[in-house]
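The chain is numbered in sequence order, starting from 1.
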Amino acid sequence: MPGIHFRLRMTDSEIGELAVREIGDLVDRLVPHVFEPVAGAEDFTAEQTRALAHLHLLTYLQAAVDRLEADRAGRAAAAGAGYPQIGRASNLTRQGARRRWPGLLDPSDRTTGTPRTAQPPETPPSAEPSNGSPR
């Protein structure tokens with residue numbers, strides 16, 4: 001990939017499979033630390049509960065990835081990269097990168113678009129921590 005100053009050691013497909021596998025392993029490790037089954041929830045099987053907990057955690061991970069992506073785009077710009085390089089590194093066009101992260105290179109440009117950053121999902125009332133402590 002010319003202009004981004006690194007070379008891929010794996011194919012796009014291999015990188016995608018590696019990411020899915022590693023994120024899956026991370027979710028498997030984190031779910032027991034983050035969630036606990038609710039006593040008396042006979043409406044759901046253990047398998048359904050586990051799948052829903054994994055899905056819920058993935059929404060937090062997606063928000064984290066979006067925040068990290070925006071941060072790293074900002075760091076790349078601060079280090080001298082332009083929108084063409086930032087776009088190539090994030091599989092976007094120059095214009096796509098500019099629309100996703102307006103103002104990286106020109107702070108007065110921040111009003112031309114809205115950066116794509118996700119927030120963690122709202123916690124449903126039934127998923128509040130049982131000890132009453134805030135998150």
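Inter-residue side-chain proximity for Leu58 and Ile23 is flagged as met; some heavy-atom pair is nearer than 4.5 Å. Here the side chains of Arg100 and Glu69 are in contact, with some heavy-atom distance below 4.5 Å.
Take Ser13 and apply the side-chain hydrogen bond (donor to acceptor under 3.5 Å, both in side chains) test, not counting sequence neighbours, and it matches no residue.
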task = Decide side chain to side chain contact (heavy atoms under 4.5 Å, CB included) for Asp28 and His54; before the verdict, give the C-alpha distance in whole Å, the side-chain angles of both, and the deciding distance to 0.1 Å.
result = CA-CA 8 Å; Asp28 288 343; His54 279 76; 2.9 Å; yes

ask   = Stepwise, does the side chain to side chain contact (heavy atoms under 4.5 Å, CB included) test hold for Leu92 with Trp101?
value = CA-CA 11 Å; Leu92 297 169; Trp101 303 294; 4.0 Å; yes

query = Stepwise, does the salt bridge (charged side-chain N to carboxylate O under 4.0 Å, His left out) test hold for Asp71 with Arg75?
reply = CA-CA 6 Å; Asp71 176 71; Arg75 288 181 187 197; 2.9 Å; yes

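In the hydrophobic cluster analysis, where Ile, Leu, Val, Met, Phe, Trp and Tyr join through side-chain heavy atoms closer than 4.5 angstrom, Phe35 is grouped together with Leu26. Taking hydrophobic clusters as Ile, Leu, Val, Met, Phe, Trp and Tyr residues chained together by side-chain heavy-atom distances below 4.5 Å, Phe6 shares a cluster with Ile15. One hydrophobic cluster, built from ILVMFWY side chains closer than 4.5 Å, holds both Val34 and Val27. Placement of Leu8 and Met10 within a single hydrophobic cluster is found when ILVMFWY residues are connected by side-chain heavy-atom separations under 4.5 Å, directly or transitively.
Without hydrogens or angle criteria, Glu17 side chain to Glu14 main chain gives no donor-acceptor distance under 3.5 Å. In this structure, Glu22 contributes its side chain and Ala19 its backbone to no donor-acceptor pair below 3.5 Å. In terms of modelled atom types and a separation under 3.5 Å, the side chain of Tyr83 and the main chain of Ala77 share no donor-acceptor contact. With hydrogens and angles ignored, the 3.5 Å screen pairs no side-chain donor or acceptor of His56 with any backbone N or O of Leu52.
Taking CZ of Arg67 as the start and CD of Gln62 as the end, the distance is 13.0 Å to the nearest 0.5 Å. In this structure, the separation between CG on Leu30 and NE2 on His33 is 7.0 Å, given to the nearest 0.5 Å. Once rounded to the nearest 0.5 Å, the distance linking CG of Leu68 with CG of Leu61 reads 10.0 Å.
For Asp25, the CG atom counts as densely surrounded, since its 6.0 Å shell holds more than 12 non-hydrogen atoms of other residues, nucleotides or ligands.
The minimum heavy-atom distance linking Gly82 with Leu105 is given by the pair CA-CD1, 3.9 Å. Contact detail for Thr45 and Gln48: the closest heavy-atom pair is N-OE1, 2.8 Å. What you find for Ala73 and Ile86 is that their closest heavy atoms are O-CD1, 3.8 Å.
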